[in-house]
Amino acid sequence: MKSTIQNIRNIGIIAHIDAGKTTVTERILYYTGRSHKMGEVHDGEAVMDWMADEQERGITITSAVTSCLWKNCQVQIIDTPGHVDFTIEVERSLRVLDGAIGVFCAVGGVEPQSETVWRQADKYKVPKIAFVNKMDRVGADFFGTVDMLRERLGAVPLILQLPVGAEDNFSGIIDLIGMQQITWDESTLGAEFSRTEISAEYRQTADTYREQLMETLAEFDDQLMEDYLSEIPVESAKICEVIRRATIDLELVPVLCGSALRNKGIQPLLDAIVQFLPSPRDILPIQGVHPESGATVTCEPRLNGPLAALIFKVSMVEGRRLSFVRVYRGQLRAGGAVYNPGLKKKEKLARILRMHANKRERIDSAGAGSIVGVVGLKESSTGDTLCDPAEPVLLEKIEVYEPVISVAVEPKTHADQEKMVQVLDKLMAEDPTLRLRHDEDTGQAILSGMGELHLEVIISRMQREFNTQVNVGKPQVVFRETIGSVGEGSAVFDREVAGHHMFAEVRLRLSPRQRSSGNVFRPQVADDIIPQAFVPAVEEGVLESLESGTLMGYPVVDVEAVLVGGAYRESLGSELAYKVSASMATKEALAAGKPFLLDPIMKVEVFVPEAFMGDVIGELNARNGKIEAIEHHRGSQVIKATVPLARMFGYSTALRSATQGRGTFSMQFSHFDRC
């Protein structure tokens, strides 16, 4: 189906792990007729969780793209992972989306990873709708969750629906715009529902919240305020128009509720997506720069302009490279050529595919606003721009997180040896947070990622998808090195290289800098001691040398290197000599500066029932943790602490046994510091 840009909705479903994102997506696909059977996550049959690892673990690992039709709108959905180890999937999806649905568990409320993904959406200025899911669970608290949206996320929630009952008695919702009660027919799996008068027991509550809704909206529209103060009835269309405007301007977050697993609340959520979330035309057009002149280029979403598109994800499917592309301007055409200004290369598009999780449908072209799969790009990768060679534009790249945990991998057999690096190259093309390096000292291949689960999934995929068997060593933490005091070093390079006599002498002083402030190089020598022409070579030698420290070979951070002296001999000076000399002087100065290791420190949040507080705090203290805050949260406590990553291995098992399986935690990288 061809959609006008005005009728496209590009949305992401974001949330903490286990809030019900994939179940919500499955119901959306069923009610829009995109799939004819409801897949359940707990049965391993969800359409969007198509990877074997996802089905086995019951979690989303990779963001999946699909599209469906609702009320003449093409809704393109990306279902994102909730686990912090796969946060890059959320980051790169939000980068290309126009709107998002934050799914919140009515029992857990705003959980740690919900905050992370919400902040990511804020960073990209993505308008949001909140859906309070799992209203049928024991302990469900709709209004408590709304309060948490306000307190923890700094959002301005706008309640558009009220739940009818809660827990086992949850039977439907009250629509505050139309002032009707909606009840779903369970015999049709929720496909049919009825709108009736609001029952007497909920009438007063509904009137109160309708009043609050109108008061809030009156602040955003003068005409609505006049009508409201004059007690003139306001039409639903006008109310929806004001809500849409305030949502797109990031002023309000409409709040809906339901239970996806019990098939309640999904159709009104689809209505809200179409009514309140923006089309590509409703948001500010994306801006890029001209690769040569550096001038700002605004990419208005229109079909007849020069092409501007962004690759936000690369996937290896059956050994072939599938690139996921968001088109911002112009059209992609199958068989056509595109230009990658970052690589300064032209590439050919073999095929364009409309995606439905892991199923694909070939299409001839894709216009502005589309999110499609592309086959045929050989060198372009995540974050690269595709454009018209006649009018090039470079869009902002996608930020990539630094990996924090490593394992040593080695092939099990000689046959696996050749395959291992090739397979890891394919997986690294998919996932920019995955790194492979060869440790010069130990000869090991070191694989680094975002967490234990991340690396576990990668190893599992190597075995399952690529039939490559590897042995895995205990995860190693990626440390940093720095110095504790001022250290000086000097070195002389005086030898013959390839028939040429070379000479250079460099004297350096290294001083410690404030934590997380980075490395700095400053020359403080006169031209007659070391000519200006050789200073860049000295800087290069210093910075290269700081890439591996003298203690254990980890990168050195937070150091100021000052070039304080040296010597130069006429006609014997060379860039190579000064670079090598600077490198040797740096090593000497590092050794003299009392070097020490910096641990990666993690921000940890532990949710724990009150009865187990003492044991959990004791366990964190035993791991060198610093407790920073303890907050009360609906019958449980949230302990916020910072803990060295090296001490967090096996913590999930320890926490489960200390809390009878009821404690949960999340962690993310905070900073490097001395333990």
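- Proximity of a side-chain donor or acceptor of Arg302 to a complementary backbone N or O of Ala368 within less than 3.5 Å is not detected.
- A donor-acceptor contact shorter than 3.5 Å links the side chain of Arg152 to the backbone of Val110.
- By the salt bridge (Lys or Arg N to Asp or Glu O under 4.0 Å) test, Arg137 pairs with no residue at all, sequence neighbours left out.
- Side-chain contact between Asp175 and Pro268: absent, with no pair of heavy atoms (C-beta onward) separated by less than 4.5 Å.
- For the atom pair Lys313 NZ and Leu322 CG, the distance stands at 9.0 Å (nearest 0.5 Å).
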Without placing hydrogens or testing angles, list every side-chain donor-acceptor pair under 3.5 Å for residues 229-242, not counting sequence neighbours.
unit_1 : atom_1 : unit_2 : atom_2 : d
Ser230 : OG     : Glu226 : O      : 2.7
Lys238 : NZ     : Asp221 : OD1    : 3.4
Lys238 : NZ     : Asp221 : OD2    : 3.4
Glu241 : OE2    : Arg245 : NH1    : 3.2

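- Counting heavy atoms from C-beta outward, Lys640 and Lys603 have side chains that stay 4.5 Å or more apart.
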Q: Go through Val616 and Glu619 one step at a time and tell me if the side-chain contact (heavy atoms from CB on, under 4.5 Å) criterion holds.
A: CA-CA 5 Å; Val616 171; Glu619 177 71 34; 5.6 Å; no
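- Cation-pi contact between Arg326 and Phe324: absent, since separation from the ring centre below 6.0 Å together with deviation from the ring axis within 45° is not met.
- The side-chain contact (heavy atoms from CB on, under 4.5 Å) with Pro157 is formed by just one residue from the set Leu252, Val132, Thr145, Val255; it is Val255.
- Residue Ser370 holds its OG atom at 8.0 Å from CG of Leu303, rounded to the nearest 0.5 Å.
- With contacts defined as side-chain heavy-atom distances shorter than 4.5 Å, the pair Val96/Tyr124 does not qualify.
- For the residue pair Asn7 and Asn72, the shortest heavy atom distance occurs at ND2-O, 3.3 Å.
- Without hydrogens or angle criteria, Asn10 side chain to Pro280 main chain gives no donor-acceptor distance under 3.5 Å.
- Taking OG1 from Thr25 and CD1 from Ile11, the interatomic distance works out to 8.0 Å, rounded to the nearest 0.5 Å.
- A distance of 8.0 Å separates CD1 of Ile129 from CG of Leu160, quoted to the nearest 0.5 Å.
- At least one donor-acceptor pair under 3.5 Å links the side chain of Arg244 to the backbone N or O of Leu277.
- Of the possible donor and acceptor atoms, none in the side chain of Gln637 sits under 3.5 Å from a partner among the backbone N and O of Ile630.
- Across all non-hydrogen atoms, the minimal contact from Val24 to Ala260 is CG2-CB, 3.8 Å.
- Panel note: side chain Asp249, backbone Ala246; no donor-acceptor pair is recorded below 3.5 Å.
- In this structure, Asp615 has no side chain to side chain donor-acceptor pair (under 3.5 Å) partners at least two apart in sequence or on a different chain.
- Around atom CD of Glu186, no more than 12 heavy atoms belonging to other residues, nucleotides or ligands sit under 6.0 Å away.
- In this structure the side chain of Arg95 never reaches within 4.5 angstrom of the side chain of Phe312, judged on heavy atoms.
- Taking the side chain as every heavy atom from C-beta outward, Met613 and Val608 approach each other to under 4.5 Å.
- Here CD1 of Ile159 is found 9.0 Å from CG of Leu149. Values are rounded to the nearest 0.5 Å.
- In plain terms, the two heavy atoms of Pro254 and Ile243 that are nearest each other are CG-CG2, 4.0 Å.
- Residues Lys128 and Asp122 meet the side-chain proximity criterion, which asks for heavy atoms closer than 4.5 Å.
- Qualifying side chain to side chain donor-acceptor pair (under 3.5 Å) partners for Ser187, counting only residues two or more places apart in sequence or in other chains: Asp185.
- Here the closest heavy-atom approach between residue Leu353 and residue Val372 is recorded as O-CB, 3.4 Å.
- What you find for Pro301 and Ile5 is that their closest heavy atoms are O-CD1, 3.4 Å.
- In summary, of the residues considered (Phe142, Tyr202, Phe143), a ring-ring contact (aromatic ring centres under 6.0 Å, His included) with Tyr209 occurs for Phe143 alone.
- Between the side chain of Thr208 and the backbone N or O of Gln204 there is at least one donor-acceptor pair closer than 3.5 Å.
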Q: Check the pair Ile174, Val164 against side-chain contact (heavy atoms from CB on, under 4.5 Å), reporting the backbone distance first and the verdict last.
A: CA-CA 7 Å; Ile174 290 166; Val164 178; 3.7 Å; yes
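- Partners of Gln223 according to the side chain to side chain donor-acceptor pair (under 3.5 Å) rule, which considers only residues two or more places apart in sequence or in another chain, are Asp227.
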**Q.** Leu153/Phe104 under side-chain contact (heavy atoms from CB on, under 4.5 Å): CA gap, chis, key distance, verdict
**A.** CA-CA 12 Å; Leu153 303 177; Phe104 299 92; 3.9 Å; yes
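- Using a 4.5 Å heavy-atom cutoff, the side chains of Phe170 and Arg262 are not in contact.
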**Q.** side-chain contact (heavy atoms from CB on, under 4.5 Å) between Val253 and Trp118, intermediate numbers included
**A.** CA-CA 12 Å; Val253 176; Trp118 197 268; 3.8 Å; yes
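- Here the closest heavy-atom approach between residue Arg210 and residue Leu176 is recorded as NH1-O, 2.8 Å.
- The side-chain hydrogen bond (donor to acceptor under 3.5 Å, both in side chains) pairs that include a residue from residues 265-274 are Trp70-Asp271, Lys71-Asp271, Trp184-Gln267, where partners are two or more places apart or lie in different chains.
- Within the 3.5 Å criterion, the main-chain N or O of Asn263 finds no donor-acceptor partner in the side chain of Arg27.
- The backbone N or O of Cys257 lies less than 3.5 Å from a partner atom in the side chain of Gln161, making a donor-acceptor pair.
- The main-chain N or O of Gln6 is never found under 3.5 Å from a side-chain atom of Arg281 such that the two would form a donor-acceptor pair.
- A distance of 5.5 Å separates CD1 of Ile617 from CD1 of Ile627, quoted to the nearest 0.5 Å.
- Between Ile8 and Gln76, the closest side-chain pair of non-hydrogen atoms falls below 4.5 Å.
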